[in-house]
Amino acid sequence: MGRRALVLALGLSLVLLCARALPAADEEGNQDESLDSKTLSAEDQVKDHSTGTRVVAGQIFLESGKSDSQSEDEENFHSQEEEKENSLEELNSLEMSNLLNKDLEEAEMQSPVLTAIGGTADGEPCHFPFLFMEKEYAECTADGREDGRLWCATTYDYKKDQKWGFCESEEQSNKRRQMQEAEDVYQIGMKILNESSKKAQKKVAYQYLLKAADMNHTKAMEKVSYALLFGDYLKQNIQSSKELLEKLTEEGSPKGQMALGFLYASGLGVNSSQAKALVYYTFGALGGNLIAHMILGYRYWAGIGVLQSCESALTHYRLVANHVASDISLTGGTVVQRIRLADEVENPGMASGMLEEDLIQYYQFLAEKGDVQAQVGLGQLHLHGGRGVEQNHQRAFEYFNQAANAGNSHAMAFLGKMYSEGSDVVPQSNETALQYFKKAADMGNPVGQSGLGMAYLYGRGVPVNYELALKYFQKAAEQGWVDGQLQLGSMYYNGIGVKKDYKQALKYFNLASQGGHILAFYNLAQMHATGTGVMRSCHTAVELFKNVCERGRWSERLMTAYNSYKDGDSNSAVVQYLLLAEQGYEVAQSNAAFILDQKASIVGENETYPRALLHWNRAASQGYTVARIKLGDYHFYGFGTDVDYETAFIHYRLASEQQHSAQAMFNLGYMHEKGLGIKQDIHLAKRFYDMAAEASPDAQVPVFLALCKLGVIYSLQYVREINMREVFSHIDMDQLLGPEWDLYLMTIIALLLGTIIAYRQRQHQAIPRPAGLRPAVPQQEPPPEHQPPQ
């Protein structure tokens, strides 16, 4: 039993070592590679930051937590111990040297000895280093051979002894050369993919990747499997993608494991199995895949396929958020464009946040004519990307330069940001950045003031000066600039230049979060997760970390999916939205449900409504009103489920009470009017109709028509319910009209009869003549002077 435990412990140690040794994902700057998560060590996945550390703005600060008196005592103690340490220093250094030599000897003894294969010294150990062509080699080499096989000498001087052998078998040599060839093909494909923005060139790049994937190149297989899954530059083929992903999973690829888990979760190309999906997601997360961690975080938060656990969700989301926050630069991250397809259809005139091409051209025309505001606006659009404009630092730099030359302080500040960060277009230069920041700050620009504060805080081009940093951050924060608010909060949190004050830190982090700063959300999440300055709240921390995680590079897939849908490729769009929905994006859940609702062909006809119902339900649980109303509609009409008026009523009532939806109120009025799922009540129906009209002006016309209909129904119902004979029997005419009411009635009737008779007599006297007809008059005879009456 003890031996088995020892083996298990050794196996676990090897797994942890392998997890640490896994290479980080390539930063290839393209959309597909953004889906590659960074590889994490196993320790990073399970460890939490101790109470002696602080994580703020993506950085971990060590915290001593010692008082001044403790520090003085420690200094005295160290001074007393210093002499002892000095006296033992020589002995310790000698012992360490001996131990090091001993360890090296043991390592040499334990390291496997490479044995020569074939040649003139078959079976003899290789000698390293060995001398060949007046050059020493510390490892096997292919120099001197045309076939590229690796060889070694078994003595030091090859020329003298001519003793040599191969370091690998012929099969191993062929496999190595094949993998090297595959790597060369892969690098060619990636170079084309990264350097070109044209679709035709990207398709050519994927042909190289396809060739490398056929040669079992792991990274090429990952790229190709995703391209086949989403239909990116290759024809969408779920089955071929599944086969590649299964092969990658067998090889231990975290990307392959995560994607295969997605197929089982969504039932694409395989029978849906949430259990298998959870297994593959877990293996992918253990391998360091950030998307797998994010999916698990959402599943534990929402209780999908697992028991709901806020703490487990917090662990996964925090780990991903740490990496997202560490990628945020001074210029900020990319803009996440969230476009809901259902809202576009329901309100076609509503702005989706996308800029039309003609509007962009209009701004470009203004910028070329010297409009400074247009230049600054276009510069910011190209710097961050979004709203239908691709990120382009070259164009951003040009627009900012033009505006800065015209004296615009905002452009100067952003040029300072670009020089401070550095990029392929703008070389990093603290001095140049400082010049632009100073010019902008002198003109009262908050962006320049914040940049100048950063320079003094971190000593970029100037000596570190916390007082000046605090001063400039305060000026920027007073003008509402989020970077100034964020850095001011960080200084109060860490006690840099000011006395540590968590309440002030919380205040400025909250202000910066209202401006949408990712790091403000991150810092607030850390404070709520650890209970620093606030009451600890796991739920709040998870929601804030989730917000940070959804700003990662994989969010670019939202726009790719939207463009696919607009191009008419619904199948590609729905698969991309489904993956993002697994990660917990509410907008992706609603968009996936919307496309499935339109009968997407990628799933069976009988499966569209049940799958759409599932994602409407997930979107509704995250507070999307339209999704909640859709749930009511699906249960009302029996789409993907049985007709259930009571459940429909519950969903409509939730949408009415929580989101004040006019549509939900109108539907509740209709259900009360008809008595569907609730007792019929015309008065409550009218009340809900009135509430709908008050909630939205668009509901006033349908509410008016519904109320007219309700009035007619009410009148008919009232007439049906009363007995007319009993009504007349209870009427006392003497009291109502007086004792002579019969005479009055007869007089009125006589007058009416007389009026009718007189009207009829006058009609008989007047003979009608058809309009447009005149008697023909002979032209020969003059008209008579008198005509007889007719």
Side-chain angles (χ1 to χ4, degrees), residues 340-352 586 589-591 593-599 608-610 612-613 615-724 727:
R340 292 187 174 89
L341 301 179
D343 290 349
E344 273 197 340
V345 173
E346 293 291 332
N347 306 295
M350 186 183 69
S352 63
E586 175 268 305
Q589 292 167 347
S590 60
N591 286 352
F594 177 83
I595 298 174
L596 289 168
D597 195 37
Q598 308 298 315
K599 300 287 186 182
T608 52
Y609 281 135
L613 180 65
H615 288 93
W616 283 129
N617 192 23
R618 292 181 182 179
S621 66
Q622 297 198 60
Y624 184 38
T625 308
V626 173
R628 182 65 67 185
I629 295 172
K630 282 286 186 180
L631 284 177
D633 293 344
Y634 272 50
H635 285 93
F636 187 92
Y637 296 107
F639 293 158
T641 183
D642 297 330
V643 173
D644 188 344
Y645 294 131
E646 292 182 1
T647 305
F649 181 84
I650 291 170
H651 287 299
Y652 290 143
R653 189 177 64 186
L654 286 172
S656 170
E657 293 174 353
Q658 296 176 1
Q659 285 98 22
H660 304 288
S661 167
Q663 179 67 56
M665 293 172 186
F666 186 90
N667 293 350
L668 286 172
Y670 180 81
M671 294 185 79
H672 275 291
E673 177 188 332
K674 296 294 183 182
L676 301 174
I678 195 72
K679 185 179 178 181
Q680 187 176 24
D681 191 327
I682 293 177
H683 301 287
L684 275 177
K686 182 180 184 304
R687 179 184 172 189
F688 278 110
Y689 284 142
D690 290 338
M691 287 169 62
E694 292 174 4
S696 173
D698 296 335
Q700 291 180 356
V701 173
V703 165
F704 172 76
L705 296 175
L707 287 175
C708 290
K709 175 189 171 187
L710 195 65
V712 172
I713 292 173
Y714 179 76
S715 301
L716 292 175
Q717 184 178 349
Y718 178 77
V719 170
R720 191 183 300 116
E721 289 177 354
I722 63 174
N723 190 331
M724 298 300 295
V727 170

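FYI, the numbering just counts along the sequence from 1. Note: hydrogens, waters and symmetry copies are ignored here, and every other heavy atom, side chains too, is used.
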* Under 3.5 Å, side chain of Asp681 to main-chain N/O of His672, donor-acceptor pair present? ->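 Not a single qualifying donor-acceptor pair exists.
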* Quick check: does any side chain N or O of Tyr689 sit under 3.5 Å from a backbone N or O of Pro702, one acting as donor and the other as acceptor? -> no
Any chance you could measure [X], atom [atom1], to [Y], atom [atom2], to the nearest 0.5 Å?
X	Y	atom1	atom2	value
Gln622	Gln589	CD	CD	4.5 Å
Glu646	Leu676	CD	CG	11.0 Å
His651	Phe636	NE2	CZ	14.0 Å
His683	Leu710	NE2	CG	9.5 Å
Lys630	Leu613	NZ	CG	11.5 Å
Leu668	Gln663	CG	CD	10.5 Å

Can you give me the closest heavy-atom contact between [X] and [Y], atom names plus distance?
X	Y	answer
Ala655	Ile629	CB-CG1, 4.0 Å
Ser656	Met665	OG-CG, 3.4 Å
Ala627	Trp616	CB-O, 3.5 Å
Met671	Ile678	O-CG2, 3.8 Å
His615	Leu596	ND1-CD1, 4.3 Å
Ala695	Ala662	CB-CB, 4.0 Å

* Asked: Would Asn617 and Tyr634 count as having a side-chain donor-acceptor pair, cut-off 3.5 Å?
  ->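 No.
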* Structure fact -> The complete set of salt bridge (charged side-chain N to carboxylate O under 4.0 Å, His left out) pairs with one or both residues in residues 700-709, sequence neighbours excluded, reads Glu673-Lys709
* Asked: Would you find more than 12 non-hydrogen atoms of other residues, nucleotides or ligands less than 6.0 Å from Tyr670 atom OH?
  -> no
* Asked: Should the heavy atoms of other residues, nucleotides or ligands under 6.0 Å from CD of Gln598 be counted, would the total exceed 12?
  -> yes
* For side chain to side chain contact (heavy atoms under 4.5 Å, CB included), just list the numbers for Val626 and Arg340, CA-CA rounded to whole Å, side-chain angles, deciding distance to a tenth of an Å, and then say yes or no. => CA-CA 10 Å; Val626 173; Arg340 292 187 174 89; over 6 Å; no
* To do: Would you check if Asp644 and Phe649 make a side-chain contact, meaning some heavy-atom pair closer than 4.5 Å?
  =>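 Of all side-chain heavy-atom pairs linking Phe649 with Asp644, none is under 4.5 Å.
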* Begin from the C-alpha positions of Asp597 and Tyr609 and carry the test side chain to side chain contact (heavy atoms under 4.5 Å, CB included) through to its verdict. => CA-CA 6 Å; Asp597 195 37; Tyr609 281 135; 3.1 Å; yes
* Under the side chain to side chain contact (heavy atoms under 4.5 Å, CB included) rule, what do Gln700 and Val703 come out as? Steps first, then yes or no, please. => CA-CA 5 Å; Gln700 291 180 356; Val703 165; 5.7 Å; no
* Asked: Are the ring centres of Phe666 and Phe688 closer than 6.0 Å?
  -> no
* Set of side-chain hydrogen bond (donor to acceptor under 3.5 Å, both in side chains) partners for Thr625, sequence neighbours left out ->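 Testing Thr625 for side-chain hydrogen bond (donor to acceptor under 3.5 Å, both in side chains), a comparison that skips the adjacent residues, returns none.
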